[in-house]
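Below is one structure, written out as structure tokens; the observations come after it.
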Amino acid sequence: MSGVHLARRLVLEARQRVDDGAGGYIESWNAQGALWADMQARTGRERNGGEVTMAHTAYRIVVRGAPQGAPSRPVPGMRFREGERVFPIQAVSERDPAGRYLTCFAIEEVAA
């Protein structure tokens, strides 16, 4: 598949609910493994939220395909992490009919 350059190592994380011992829960993130990715910034915007201005950047992230239900297959609600940077996954689609690659649409949000 031309145009795919898997050169960035991202950690795929899934949200996990942990019992807090008082009838509730806390949410934490559990690493599912590392994936090599091709990341392309798409659009960006700045949103003023009163006291804090947030910068939003949309990304198209391409990773190798994985079977449905595999822990290494990204799904919406998961996120990618690169060091301190976090990219929540909004949508996932197969890039080619054979499913060799997946395209993940993610957004990075940073206080400006």
Side-chain angles (χ1 to χ4, degrees):
M1 174 135 257
S2 65
V4 177
H5 185 65
L6 304 176
R8 292 179 72 171
R9 186 178 184 273
L10 303 177
V11 176
L12 180 64
E13 297 179 333
R15 188 181 327 234
Q16 181 179 21
R17 288 184 175 184
V18 179
D19 183 16
D20 67 1
Y25 64 89
I26 57 172
E27 290 185 345
S28 65
W29 291 92
N30 185 27
Q32 301 295 300
L35 301 175
W36 288 95
D38 180 3
M39 286 183 65
Q40 300 293 321
R42 306 300 286 172
T43 60
R45 69 174 191 246
E46 185 176 88
R47 180 182 295 169
N48 188 347
E51 294 181 22
V52 178
T53 300
M54 301 299 289
H56 297 261
T57 305
Y59 284 88
R60 187 188 75 219
I61 302 172
V62 178
V63 297
R64 291 198 190 281
Q68 290 282 347
S72 61
R73 184 182 176 102
V75 296
M78 289 180 152
R79 69 184 188 184
F80 289 113
R81 176 179 290 278
E82 184 180 42
E84 295 299 313
R85 297 176 72 187
V86 175
F87 306 90
I89 300 170
Q90 307 294 310
V92 178
S93 66
E94 292 182 346
R95 182 177 166 98
D96 60 290
R100 293 176 294 189
Y101 294 97
L102 299 172
T103 301
C104 303
F105 300 92
I107 296 176
E108 180 181 32
E109 187 174 77
V110 180

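Keep in mind that what you see is a predicted model, and the values were worked out from it rather than measured.
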Calculate, to the nearest 0.5 Å, the distance between atoms [atom1] and [atom2] belonging to [X] and [Y] respectively.
X	Y	atom1	atom2	answer
E13	Q32	CD	CD	9.0 Å
R42	T57	CZ	OG1	12.5 Å
E82	I61	CD	CD1	9.0 Å
Q90	I107	CD	CD1	4.0 Å

Given the rule that I, L, V, M, F, W and Y join up when any side-chain heavy atoms are under 4.5 Å apart, are [X] and [Y] in one cluster?
X	Y	result
V4	W36	yes
L12	V62	no
V75	L35	yes

Closest heavy-atom pair and its distance - [X], [Y]:
X	Y	answer
T103	R60	CG2-CG, 3.3 Å
A70	A66	CB-CB, 4.4 Å
D96	Y101	OD1-N, 3.1 Å
F105	S93	CE1-OG, 4.0 Å
R9	A34	NH2-CB, 3.3 Å
I89	C104	CG2-CB, 4.4 Å

Problem set entry | M78 vs V92, side chain to side chain contact (heavy atoms under 4.5 Å, CB included): CA-CA, chis, key distance, verdict | CA-CA 10 Å; M78 289 180 152; V92 178; over 6 Å; no
Exercise. Are F80 and V63 close enough, and set up right, to give a side chain to side chain contact (heavy atoms under 4.5 Å, CB included), and what steps lead you there?
Worked result: CA-CA 11 Å; F80 289 113; V63 297; 4.2 Å; yes
Problem set entry | Pair W29-R15, side chain to side chain contact (heavy atoms under 4.5 Å, CB included): steps then yes or no | CA-CA 5 Å; W29 291 92; R15 188 181 327 234; 3.8 Å; yes
Problem set entry | Donor-acceptor side-chain pairing of Y25 and R17 below 3.5 angstrom |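 Indeed, the side chains of Y25 and R17 share at least one donor-acceptor pair under 3.5 Å.
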Exercise. When you measure from the side chain of R47 to the backbone N and O of M54, does any donor-acceptor pair fall under 3.5 Å?
Worked result: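 Flag not set: sc R47 to bb M54 has no pair under 3.5 Å.
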Exercise. With respect to L10, which candidate in R85, M39, R81 satisfies the side chain to side chain contact (heavy atoms under 4.5 Å, CB included) definition?
Worked result: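 With L10 as partner, R85, M39, R81 yield a single side chain to side chain contact (heavy atoms under 4.5 Å, CB included), made by M39.
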Exercise. Quick check: are there more than 12 heavy atoms from other residues, nucleotides or ligands sitting under 6.0 Å from NE2 of H5?
Worked result: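 No, the 6.0 Å shell around NE2 holds no more than 12 heavy atoms from other groups.
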Problem set entry | Stepwise side chain to side chain contact (heavy atoms under 4.5 Å, CB included) test for R95 and R100 | CA-CA 7 Å; R95 182 177 166 98; R100 293 176 294 189; over 6 Å; no
